[in-house]
Amino acid sequence: MKNIVSLFIALICFQNISAQKGFSRKDSLQGGIRIERTCFDVQRYDLNVKINIEKRSITGHNAISFKVIENTKKIQIDLFPNLQVDSIVHQSQKLKFKREYNAVFISFPIDLQKGTDEQITFYYSGFPTIAKNAPWDGGFVFANDKNGKPWVGLACQGIGASIWYPCKDSQTDEPDKGASIKVAVPNGLMNVSNGRFIGSEDLKDGFTRWDWEVKNPINNYDVTINIADYAHIHDELDGLSLDYYVLKENLKIAKTHFEQVKPMMKCFQTKFGKYPFGEDGYKLVETSYLGMEHQSAVAYGNKYNSGYLGKDLSSTGIGLLFDFIIIHESGHEWFGNSITSDDIADMWIHEGFTQYSESVYIECQFGYEKAKTYLNGLKNNVSNDKPVIGNFGVNNKGSGDMYPKGALFLHTLRNIINNDTLWWKILASYSENFKHKIINTAIVVSFFNKQTGMDLTPIFNQYLRYKNIPKLEINRKSEQLEYRWKTDVADFNMPLDVKIDGKEMRIVPTTTWTKSNIKNTNTTKIEIPLDKFFINVN
């Protein structure tokens, strides 16, 4: 699946970014858009692997089905160099290939014709990367439960899914027709992956294969494995299956702790629309690392705490009213999994909206004032160190501010619009309109401009493309009150609600001094609602 407009924008605007910013050939091969990637559209992955936990090795194959978009004799599939390419087969014939860093350039003996459906089977083996600090440092996580049984997980967002299986490792393309994930693990253990459980088979060699089927498009880093001696809890909500896979020693606490899933689902479906992967169900799977938004198989490792491992990220006390990992990672089912950015430089589309979803849950459960307090508590987590949007085409994400600053920007946007009925309508429409689609910031801005009838482009640009937030300057020396915005964006103009001597009014400062009709005296009292707008005031 891909958005052709976004591909060409990325290609034209950012093809020279590596030279401009000092990125390497390796970076552009991983993050860039080139003909060897755009000439084909992935339709389906059929992954079949065996995990040898004792050796910490992997062997297997991925059958990659694709449609040819432009005539070609060469395509790029990605696989980290610590994994060996055993062979690549097309129509019973082994293909030639050349490796360059993580890229595998595959050559066909004849031109593949535009419009045709093709399939290659990519056989591989080796020792995948072990994560040092998942999920921030990607790779496999090998641990043991309290009974000494193996407990294996995986997280690869950012570093790339090709860290463990061959794929077109770009967010510009997802398998439109879903995937099958078949994972053989030592007998006595279970593997839980994305989608629906199809069945298991004893392979008579000390391993049992667990088969899962995904019906919806899925981004590469969401495809996952979870291996343990799991217990299974099944529940339902209005026809949606809710399944929880937890360590057996945690079965009792999990049944109680996961009760917050239902009110969360009701809230998110009210505000963002129907759960986008109903055919694949919803799962929480206990992991030894903190968590990850793996589509329809959300990784959960918050140790049954409230907050973030028992801490409140907002420092307001409100963050301890819910389990951060359940709410945040489940919010990604709408923002990141269903709606995906075409480049990790635009990852704020995942993280900003998802951190905002935490406040949406709080508003549903505890009211708007608590949600607003929580959001404002996140200001302490904003560093304004660099732009939220990263460099395109080189697998480079922007500032970690994409989480709190992204959420605070959306809160500001809600108050700019100043119409909650319209705001919730826009969010629901956004989620539905771009369901299972790949987008970028330009598409987001265009959508919000159209829905609001406002030109919000300068506002998006200031918050996302520059490190500084808008600063409101007020001149109290003149007889009439004067004000302006101090910003990087020259045409910035953002409406703002203020109180002058207790009277509420809306002003629209620009980047030039504007003399108001408000008389200014030494006693004039000016109140700026900093709990509604994420700005600085001078």
Side-chain angles (χ1 to χ4, degrees), residues 23 26-27 30-31 56 78 80 82 102 128-143 151-165 169-171 219-227 284-295 297-303 305 307-314 319 323-333 335-337 340-341 343-355 357-358 378 380-391 394-407:
F23 290 99
K26 179 182 178 182
D27 297 323
Q30 184 172 6
R56 298 190 172 186
D78 304 286
F80 270 55
N82 52 302
N102 301 341
T129 301
I130 308 299
K132 296 177 181 178
N133 186 27
W136 301 276
D137 173 80
F140 271 80
V141 181
F142 290 92
W151 187 15
V152 182
L154 169 72
C156 59
Q157 185 185 22
I159 192 171
S162 53
I163 199 171
W164 77 280
Y165 73 97
D169 203 357
S170 169
Q171 288 184 188
N219 65 49
N220 293 325
Y221 71 80
D222 272 342
V223 178
T224 194
I225 63 171
N226 299 277
I227 303 168
L284 285 177
V285 188
E286 188 171 4
T287 55
S288 61
Y289 63 90
L290 184 62
M292 193 66 204
E293 64 263 25
H294 298 138
Q295 182 175 310
V298 174
Y300 174 80
N302 203 37
K303 304 183 187 300
N305 284 304
Y308 181 98
L309 291 174
K311 299 177 182 178
D312 176 12
L313 292 182
S314 74
D323 185 314
F324 176 90
I325 292 299
I326 292 177
I327 305 306
H328 179 90
E329 304 303 348
S330 298
H332 272 304
E333 293 283 53
F335 308 113
N337 298 348
T340 305
S341 67
D343 192 299
I344 72 168
D346 262 342
M347 212 164 81
W348 80 273
I349 293 173
H350 299 205
E351 303 300 351
F353 278 89
T354 300
Q355 181 125 69
S357 76
E358 299 159 23
L378 297 177
N380 294 326
N381 302 331
V382 179
S383 60
N384 292 318
D385 58 340
K386 60 182 180 179
V388 164
I389 292 178
N391 296 294
V394 288
N395 203 50
N396 174 257
K397 62 184 180 181
S399 170
D401 283 352
M402 69 179 75
Y403 292 80
K405 191 173 184 177

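Positions are given from 1 along the sequence.
Below 30°, between 30° and 60°, or above 60°: for His332 and His328 the angle between ring planes is above 60°, a perpendicular geometry.
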inquiry  = Please determine whether side chain to side chain contact (heavy atoms under 4.5 Å, CB included) holds for the pair Ile344 and Gln157, giving the CA-CA distance in whole Å, both sets of side-chain angles, and the decisive distance to 0.1 Å.
reply    = CA-CA 9 Å; Ile344 72 168; Gln157 185 185 22; over 6 Å; no
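Looking only at side-chain heavy atoms (C-beta outward), Glu329 and Leu284 stay at 4.5 Å or farther from each other. Side-chain contact between Val223 and Trp164 is present, with heavy atoms from C-beta onward closer than 4.5 Å. Proximity of Glu286 to Trp151: side-chain heavy atoms (C-beta onward) are separated by under 4.5 Å at one or more points. Residues Leu290 and Pro135 meet the side-chain proximity criterion, which asks for heavy atoms closer than 4.5 Å.
The aromatic ring centres of Tyr403 and Trp348 sit 6.0 Å or more apart.
Looking at Asn220, its side chain never comes within 3.5 Å of a backbone N or O of Gln171 through a donor-acceptor pair. The backbone N or O of Gly31 sits nowhere less than 3.5 Å from a side-chain atom of Asn395 that would complete a donor-acceptor pair. The backbone N or O of Asn391 lies less than 3.5 Å from a partner atom in the side chain of Asn396, making a donor-acceptor pair. The closest donor-acceptor contact from the side chain of Asn381 to the backbone of Leu313 lies under 3.5 Å. A donor-acceptor pair is defined here as one N or O able to donate and one able to accept, closer than 3.5 Å; no such pair exists between the side chain of Asn133 and the backbone of Trp136. A distance-only check finds a donor-acceptor pair linking the side chain of Asn302 to the backbone of Asn305 [under 3.5 Å]. A distance-only check finds no donor-acceptor pair linking the side chain of Asp169 to the backbone of Asp78 [under 3.5 Å]. Counting only distance, with no hydrogens or angles, the side chain of Thr354 and the backbone of Glu351 share no donor-acceptor pair below 3.5 Å. Checked by atom type and distance alone, the side chain of Asp401 never pairs as donor or acceptor with a backbone atom of Val388 at under 3.5 Å.
Between His350 atom NE2 and Asn337 atom CG the span is 8.0 Å, to the nearest 0.5 Å.
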